Protein chains: 2
Amino acid sequence: MDTNPHQSDSLHQSEIFIGLTREQNAALLKEGRSITFQPKSILFHQGDPAKHCYLVNQGRLKLTKLNEQGREVIIGYIGAGELTAVTALFKNRNYLVTAESLEETEVIGWDKPKMIHLIHQYPDIAINLLGIVLERIDDMQHRYLEVCTEYVDQRIARSLLRLMRRAGSKTRDGILIDIALSRQNIADYSGTTLYTVSRTLSAWEKNGWIKSGREQIVITNPHALVQFAETG
Amino acid sequence: MDTNPHQSDSLHQSEIFIGLTREQNAALLKEGRSITFQPKSILFHQGDPAKHCYLVNQGRLKLTKLNEQGREVIIGYIGAGELTAVTALFKNRNYLVTAESLEETEVIGWDKPKMIHLIHQYPDIAINLLGIVLERIDDMQHRYLEVCTEYVDQRIARSLLRLMRRAGSKTRDGILIDIALSRQNIADYSGTTLYTVSRTLSAWEKNGWIKSGREQIVITNPHALVQFAETG
DNA sequence: GCCTGTCTTTGCGCTGGCGCAAACAAGATG
DNA sequence: CATCTTGTTTGCGCCAGCGCAAAGACAGGC
């Protein structure tokens with residue numbers, strides 16, 4: 001599937017459209033190209049020449065990064081209304097991360113010349129992009145600080161809380177993180193190992209702070225987790 | 001000192017001016033406000049309401065970030081032609097880091113309304129800002145990956161190499177890092193402790209890779225350091 | 001309903017790196 | 001030149017967290 005996107009879905013909620021008129025909005029969408037990916041597809045690999053920037057319209061992406069030895073970390077999970085690979089639009093570079101769809105995922109892609117042209121017409125787009133990119137810096141700086149200064153289990157708590165805020169849905173038991181998350185995934189997102197994650201979650205389950213299953217986390221006591229994340 | 005900046009110095013070298021005409025360039029400078037700080041002055045504190053974005057014209061700034069317990073990391077060092085606190089222009093937020101001058105430092109500051117106005121006139125400014133900010137994301141993502149996956153001494157090697165590229169000056173013995181750097185500073189920049197840095201540097205000095213003194217590092221064998229950083 | 005593959009748990013031993021303490025070095029000050 | 005302050009080195013003990021290994025749990029396919 002590979003069509004022209006039209007004004008629909010949850011698109012208008014994205015930060016990239018803030019302050020744009022209906023016409024500007026439509027022009028932006030018209031220049032983009034809608035693509036739908038099956039679950040577990042790779043949108044792009046870290047190191048490939050960066051051609052397109054993507055807005056997620058529906059579904060969810062996992063962004064990962066490898067070092068020279070092949071060790072992996074998860075940079076983030078992004079969902080509807082969020083952008084990735086903005087680098088492709090402004091630098092002649094390779095993708096900095098690998099993007100993989102978790103579910104069936106629809107994205108809108110723009111290439112560099114089109115977006116540069118659009119920005120010259122509607123500078124508000126650039127301002128919105130700056131807002132989005134600055135948000136990511138904030139996130140990365142925080143997580144960098146945390147991994148440098150805090151204990152592993154604090155960081156695991158912070159990871160769960162972050163994922164809860166992005167993808168939490170209320171259930172009878174507590175707040176379910178609506179992403180299939182293995183212990184390994186949580187480890188890669190927290191800068192630790194699956195063993196340590198498993199031990200830590202077991203302890204929290206005994207405390208009654210969470211309920212966990214196979215690739216599933218329900219947070220039953222967010223307040224306790226916040227407290228723990230901040231004080232250790 | 002607090003005057004109107006004029007076209008001089010090394011200003012034109014900054015990424016923010018790329019592709020601007022002489023007039024646009026002048027307009028941008030005209031809206032900014034030049035301020036000179038004595039060594040070891042605080043430009044702004046993390047947590048203060050973010051009012052101004054700064055371009056360093058001369059001198060050098062240290063950017064640091066604290067966590068809830070007061071543990072500190074160094075986010076980076078920036079010199080002439082580089083920007084900080086771009087957040088101030090696009091988010092109604094507080095400063096994410098603390099900025100301190102190392103030497104006597106001249107900066108140009110812009111506030112939000114002026115810069116937004118300028119961008120609407122000259123969208124290329126926004127494109128340049130995006131390039132700058134994306135560069136920082138790249139840096140933070142790399143360092144995040146490194147602190148999650150690599151050994152301390154690899155990270156110390158990478159820190160020295162980064163600082164060498166930013167502030168290295170060739171001398172008879174090797175490449176001198178032209179910043180007063182204590183072991184503590186290197187530790188805060190690498191996510192470790194001053195003791196570990198000291199031990200590691202001692203070992204490298206024995207290997208003949210570096211020569212170090214009080215708050216001073218000369219890299220005598222950069223290639224060996226690169227090799228070590230990548231393979232451990 | 002059984003089998004297979006993936007995910008999770010937990011015991012156990014090990015080690016990378018932390019951090020105290022104490023001695024030493026190098027500028028700064030007067 | 002003597003003193004003071006601030007930075008550096010290194011020995012030593014310790015522990016947070018890693019990672020193997022082996023067993024257990026769960027889900028999906030046929």
Side-chain angles (χ1 to χ4, degrees), chain A residues 39-40 62 67 69-74 102-103 146-160 177 179-207 210-218 228-229 231-232, chain B residues 39-40 62 67 69-74 102-103 146-160 177 179-207 210-218 228-229 231-232:
Chain A
K40 309 199 178 195
K62 182 176 76 171
N67 74 354
Q69 283 92 56
R71 301 253 288 119
E72 178 175 313
V73 300
I74 294 177
L102 300 180
E103 320 149 24
E146 287 160 19
V147 81
C148 286
T149 62
E150 295 180 355
Y151 291 107
V152 202
D153 33 15
Q154 284 182 278
R155 276 150 40 205
I156 295 171
R158 296 208 191 258
S159 294
L160 295 189
I177 295 176
I179 305 176
L181 269 187
S182 68
R183 301 295 182 265
Q184 180 70 60
N185 292 150
I186 297 172
D188 292 344
Y189 189 60
S190 309
T192 179
T193 63
L194 82 113
Y195 309 107
T196 298
V197 170
S198 178
R199 283 184 256 267
T200 303
L201 295 191
S202 294
W204 291 348
E205 192 138 17
K206 287 199 187 76
N207 295 354
I210 63 166
K211 295 183 85 173
S212 76
R214 190 193 173 92
E215 302 198 312
Q216 205 198 57
I217 308 283
V218 178
F228 182 85
T231 63
Chain B
K40 308 198 178 195
K62 180 175 77 171
N67 73 354
Q69 282 93 56
R71 300 254 287 122
E72 178 176 313
V73 299
I74 296 178
L102 300 181
E103 319 149 25
E146 286 159 20
V147 80
C148 286
T149 62
E150 295 179 357
Y151 290 108
V152 200
D153 33 13
Q154 283 182 278
R155 277 151 38 206
I156 295 171
R158 295 205 192 260
S159 294
L160 296 188
I177 295 174
I179 305 176
L181 268 188
S182 68
R183 303 293 183 265
Q184 181 70 60
N185 292 151
I186 297 172
D188 292 345
Y189 189 60
S190 311
T192 178
T193 63
L194 83 113
Y195 308 107
T196 299
V197 170
S198 178
R199 282 184 256 267
T200 303
L201 295 191
S202 293
W204 292 347
E205 192 138 17
K206 288 200 185 75
N207 296 353
I210 64 166
K211 296 183 83 173
S212 77
R214 190 191 174 91
E215 302 197 310
Q216 204 198 56
I217 308 283
V218 177
F228 182 86
T231 62

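Since the model is a prediction, treat every value here as computed from it, not as a measurement. In what follows, chains are A, B, ... by sequence order, proteins preceding strands, each numbered from 1.
To the nearest angstrom, C1' of C:dC7 lies 11 Å from CG of A:Asn185. Atom-to-atom, OH of A:Tyr151 to C1' of C:dC18 comes out at 10 Å; the value is rounded to the nearest Å. With rounding to whole Å, B:Arg214 atom CZ is found 9 Å from C:dA26 atom P. When the C1' atom of D:dT6 is taken as reference, atom CG of B:Leu181 falls 16 Å away, rounded to whole Å. Here the C1' atom of nucleotide C:dG19 and the CG atom of B:Asp188 are 15 Å apart, to the nearest Å. As rounded to whole Å, 13 Å separates atom P of C:dT9 from atom CD of A:Gln216. B:Glu150 places its CD atom 11 Å from the P atom of C:dG17, with the value rounded to the nearest Å. The separation between A:Gln184 atom CD and C:dG5 atom C1' is 16 Å, rounded to whole Å.
Of the possible donor and acceptor atoms, none in the side chain of B:Asn207 sits under 3.5 Å from a partner among the backbone N and O of B:Trp204. Under the 3.5 Å distance criterion, the side-chain polar atoms of A:Glu72 are left unmatched by any main-chain donor or acceptor of A:Asp188. Using modelled atom types, one side-chain atom of B:Ser202 and one backbone atom of B:Ser198 make a donor-acceptor pair closer than 3.5 Å. Side chain of A:Arg158 to main chain of A:Glu146: no donor-acceptor pair is present (N/O by atom type, distance under 3.5 Å, no hydrogens or angles).
Separating the CD atom in A:Gln154 from the OG1 atom in A:Thr231 is a distance of 7.0 Å, to the nearest 0.5 Å.
Taking 4.0 angstrom as the limit, B:Arg183 places a side-chain polar atom (N or O) nearer than this to OP1 or OP2 of D:dT9.
The side chain of A:Glu215 approaches C:dC7 more closely than any other nucleotide in the set C:dG17, D:dG7, C:dC7.
Residues of residues 191-207 of chain A having a heavy atom closer than 4.0 Å to DNA chain D, listed by number: A:Thr192, A:Thr193, A:Tyr195, A:Thr196, A:Arg199.
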Could you walk me through whether B:Ile186 and B:Leu201 pass side chain to side chain contact (heavy atoms under 4.5 Å, CB included), step by step? CA-CA 10 Å; B:Ile186 297 172; B:Leu201 295 191; 4.1 Å; yes
